Amino acid sequence: MISYFDSFGIKLKHIFYTFLLVIYFSFTPQSFANDNNKNLENVYQLLQEKNIKDGLQELKVLAEENNVEAQLLLSKILFSGDLTPQDFEASYFWGSSALLGGLKKSNIIIEKLSDYLTDDKIKKIKENLRVFLEKKALGKDKRAIIQIAKLYETFLEQPDYVNAYTWYSIAVAQGIKTAKNKRDEILNELNEKDLLEAQTLSIKLFKQINN
């Protein structure tokens, strides 16, 4: 006869593995196509083996390396609180970075978190994210160059077209062809003075990135 505690333990185990499966299958097979995302598979394996500490530590390293799939997964875990205590601020931060990196699913979490975080707190998180992405971008992370351009264009209370143009211009110069249309769109939002400022800044930062 199964005791109450045994039964409870079985239920917890079932919930744990269900949670992992939901997370795992939220990514397509293509998500694991490159070497970086093979590390994400390793994270899943660690979590499946209940090696939560090492799994979360490796996941955080990947997120800090600007792996957007890892950022989304970490955001989900921090939001749910099933494997580690809930941390809505960190969840918003990583979810926002993943969204700027092109993972639109992140928007679901961000919208939910907006009900729990004050406007001032969200503003601070976005500023921290700007600093994080700028550091990555200046370190030749091409994805971060696009992310920070998007942040200035769409993620602030008021668009900062000078900085958005600056980073899209750098993206094009770095060989990111998809950024050309966005650069040219924002060009139309700038007056002569702002355009001169943006181009001067883009030249300065481009040299800094490539030195």
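Values below: every heavy atom of this structure, side chains too, minus hydrogens, waters and symmetry copies. Because the structure is a prediction, the values reported are computed rather than measured.
A heavy-atom distance below 4.5 Å is not found between the side chains of D54 and E58. K126 places none of its side-chain heavy atoms less than 4.5 Å from the side chain of S96. Counting heavy atoms from C-beta on, the side chains of L46 and K53 never come closer than 4.5 Å. Considering only heavy atoms from C-beta on, Y161 stays 4.5 Å or farther from D194 through its side chain.
Both L62 and I109 are part of a single hydrophobic cluster, where members link through side-chain heavy atoms under 4.5 Å apart. Hydrophobic clustering of Ile, Leu, Val, Met, Phe, Trp and Tyr side chains at less than 4.5 Å, counting indirect connections, unites I52 with L74.
E65 and N39 share no side-chain donor-acceptor pair at under 3.5 Å. With hydrogens and angles left out, the side-chain atoms of E185 and Y168 include no donor and acceptor closer than 3.5 Å. A side-chain N or O of Q45 and one of E49 form a donor-acceptor pair less than 3.5 Å apart.
Summarising the local packing, CG of D119 is surrounded by 12 or fewer heavy atoms from other residues, nucleotides or ligands at distances under 6.0 Å.
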Point to revise | From CA spacing to verdict: side-chain contact (heavy atoms from CB on, under 4.5 Å), E127, R130 | key: CA-CA 5 Å; E127 173 58 21; R130 184 196 66 78; 2.8 Å; yes
Exercise for review: Step by step, work out the side-chain contact (heavy atoms from CB on, under 4.5 Å) result for L73 and Y44.
Suggested key: CA-CA 10 Å; L73 177 53; Y44 169 71; over 6 Å; no
Review point. Which is it for L196 and K193 under the side-chain contact (heavy atoms from CB on, under 4.5 Å) test, yes or no, and what are the steps along the way?
Key: CA-CA 5 Å; L196 177 60; K193 180 183 177 182; 5.9 Å; no
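Below 30°, between 30° and 60°, or above 60°: for F132 and W94 the angle between ring planes is above 60°, a perpendicular geometry.
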